[in-house]
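Contents: one structure, followed by commentary.
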Amino acid sequence: MNKQILLSGGAGFIASHTAVALLEAGYDVIVVDNYVNSCAESIARVEKITGKSVKLYELDVADRAALSKVFAANSIDCVIHFAGLKAVGESVQLPIRYYRNNLDTTLTLLEVMAEFNVKNIVFSSSATVYGNNAHVPFVETMPRGCCSNPYGWTKVMIEQILEDATVADKELSVVLLRYFNPIGAHKSGMIGEDPQGIPNNLMPFVTQVAVGKREKLTVFGGDYDTPDGTCQRDYIHVMDLAEGHVKAVDFALQNKGTEIFNLGTGIPYSVLDIVNTFSRVNGLELKYEIGPRRAGDLPRLWADASKAEKILGWKAKCNLEDMCRDSWNWQKNNPNGYKK
Ligand code: UFG
């Protein structure tokens with residue numbers, strides 16, 4: 001029988017791509033999601049891409065009774081915990097909602113896992129946990145830092161909670177995956193990033209300008225101490241990230257304790273690199289202007305991605321051109337995202 005992997009928040013951007021990679025690697029996938037920032041259509045498309053079925057439950061992970069029923073009905077081997085609110089700016093406005101939601105879902109999940117003796121969990125963490133004062137490249141051995149927003153603090157707190165849990169329960173296996181900047185989409189163009197309202201992140205904003213939904217991109221700051229004056233990030237193709245999750249699940253099923261991995265390419269690109277590469281590979285003129293800096297942005301951050309390669313045997317394969325091409329392929333085929 002295939003191993004059963006439960007994805008909390010499984011209908012979202014990174015999770016839906018991970019579902020494809022897991023199904024193709026021979027795992028069975030169970031998704032729980034309350035669709036607060038996603039929709040069931042993404043999973044219908046995952047099924048179309050893979051020709052395999054996914055068990056789908058609409059529920060809030062913080063609803064203990066509902067979650068327990070899912071664990072009772074399935075023999076779950078490992079959980080990937082994607083569920084969580086993730087808008088940096090919104091978290092500054094609504095800190096209590098962010099702490100309540102992101103911590104409650106995690107604690108409830110851990111309690112239900114303990115009740116059903118499920119011992120393996122992979123967590124969607126973020127490069128944000130390195131904080132504001134870390135030096136590049138970010139290495140897993142660096143301390144968790146001082147975050148500039150409640151969203152980031154929830155990631156720091158959840159990492160700590162999970163580590164503490166493995167200290168107390170020697171049977172527990174925790175893998176903390178620190179994502180850098182995921183962009184791109186599945187090659188089919190059938191699944192991709194579908195933010196609600198005005199996108200906060202760079203690539204969905206770029207693709208919405210390209211498809212004519214937004215007038216122009218504002219580049220947040222052109223006077224940073226970087227080669228072209230715009231911020232540098234470590235962009236990673238979401239399918240590479242998805243493969244990283246498969247490796248992390250393989251690892252979690254065979255080990256105990258906590259292990260942390262950066263998932264990035266180790267290569268920094270600037271905002272203007274994205275704009276120029278996107279225009280070039282897709283043959284488009286992208287309207288943009290340089291605007292003021294956005295509060296809280298770090299000038300540059302990228303991963304030391306060597307640990308994941310050494311221990312998980314995982315390395316990102318796609319380059320920036322692939323990422324820009326696949327992001328556009330998704331958006332142009334789905335100008336309104338999953339909405340018809
Ligand atoms: N940017 C623009 N214009 C936009 C949007 C973004 O110039 O309209 C710039 C930002 O200033 C930044 C870069 O594009 O320099 C990337 O910005 P994103 O918002 O796409 O990503 P961030 O690096 O700010 O945030 C990401 C994740 C967070 C995570 C953070 C730190 O979205 O979840 O990395 O690791 F916390």
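One-based numbering, in listed order, for ligands and for the atoms of each. Values reported hereafter were calculated over all heavy atoms of this structure, with side chains retained and with hydrogens, waters and symmetry mates removed.
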* **Aromatic plane relationship, F278 with W328 - under 30° parallel, 30 to 60° tilted, over 60° perpendicular** => perpendicular
* Note the single closest protein heavy atom to atom 9 (C) of ligand 1, along with its residue, its atom name and the distance in Å. => V271 CG2, 3.8 Å
* Under 6.0 Å from the CD atom of E285, do we count more than 12 heavy atoms belonging to anything else shown? -> no
* **Residue and atom name of the nearest protein heavy atom (relative to atom 24 (O) of ligand 1), distance in Å to one decimal** => R294 NH2, 2.9 Å
* Asked: Any N or O on R233 sitting closer than 3.5 Å to an N or O of ligand 1?
  -> yes
* Asked: Can you tell me which residue and heavy atom of the protein come closest to atom 21 (O) of ligand 1, and the distance to 0.1 Å?
  -> N181 ND2, 3.1 Å
* Asked: Using a distance-only test with no angle check, is there a side-chain donor-acceptor pair under 3.5 angstrom linking T226 and Q232?
  -> no
* Asked: Going by atom types alone, do Y98 and E90 pair a side-chain donor with an acceptor below 3.5 Å?
  -> yes
* Geometric cation-pi criterion, R178 with F138: 6.0 Å, 45° -> no
* Using heavy-atom distances, let me know which of F205, F220, Y269, Y224 sits nearest atom 4 (C) of ligand 1. => F220
* Asked: Relative to Y224, does R300 satisfy both conditions: NZ or CZ under 6.0 angstrom from the six-membered ring centre, and within 45 degrees of the ring's axis?
  -> no
* What do you reckon, is CZ of R100 surrounded by more than 12 foreign heavy atoms closer than 6.0 Å? -> no
* **Nitrogen or oxygen of L202 less than 3.5 angstrom from that of ligand 1** => yes
* Closest non-hydrogen protein atom to atom 32 (O) of ligand 1, residue and atom name please, with distance? -> N201 ND2, 2.9 Å
* Structure fact -> The closest protein heavy-atom partner of atom 15 (O) of ligand 1 is C231 CB, 2.9 Å
* Asked: At a non-hydrogen distance cut-off of under 4.0 Å, which region of Y288 contacts ligand 1 (side chain, backbone, both, or neither)?
  -> neither
* Asked: Between S270 and D273, do the side chains contain an N or O donor and an N or O acceptor separated by less than 3.5 Å?
  -> yes
* To do: Quick one: sort the F251 and F261 rings into parallel, tilted or perpendicular, breaks at 30° and 60°.
  => perpendicular
* Cut-off 3.5 Å, side chains only: do S124 and Y179 have a donor facing an acceptor? -> yes
* Using a heavy-atom cut-off of under 4.0 Å, does the side chain or the backbone of T128 touch ligand 1, or both, or neither? -> both
* Are any of the side-chain nitrogens in E243 or K247 under 4.0 Å away from the carboxylate oxygens of its partner? -> no
* E41 and K339: salt bridge (Lys or Arg N to Asp or Glu O under 4.0 Å), yes or no, with the steps? -> CA-CA 9 Å; E41 176 63 17; K339 288 174 262 344; over 6 Å; no
* Please could you name the atoms of ligand 1 that V219 approaches to less than 4.0 Å, counting only its heavy atoms? => 7 (O)
* Should Y179 be counted as touching ligand 1, given the test is an N or O pair under 3.5 Å? -> no
* To do: Return a yes/no value for V88: is any of its N or O atoms, backbone included, closer than 3.5 angstrom to an N or O of ligand 1?
  => no
* Does a sphere of radius 6.0 Å around NZ in K317 hold more than 12 heavy atoms from other residues, nucleotides or ligands, not counting ones at 6.0 Å or beyond? -> no
* To do: Heavy-atom contacts with N200 under 4.0 Å: which atoms of ligand 1 show up? List them by number with element.
  => 5 (C), 19 (O)
* T218 and ligand 1 - part of the residue with a heavy-atom distance under 4.0 Å -> backbone
* Asked: So is Y235 close enough to ligand 1, meaning a heavy atom under 4.0 angstrom away?
  -> yes
* Between S126 and ligand 1, find which residue part has any heavy-atom pair under 4.0 Å and reply side chain, backbone, both or neither. => side chain
* Asked: Is it the side chain, the backbone, both or neither of Y151 that has a heavy atom closer than 4.0 Å to ligand 1?
  -> side chain
* Structure fact -> In ligand 1, the atoms that come under 4.0 Å of a heavy atom of A127 are 35 (O)
* Per-residue contact class, D297 against ligand 1 - non-hydrogen pairs under 4.0 Å -> side chain
* Say whether G152 and ligand 1 are in contact under the criterion: heavy-atom distance to a ligand atom below 4.0 Å. => no
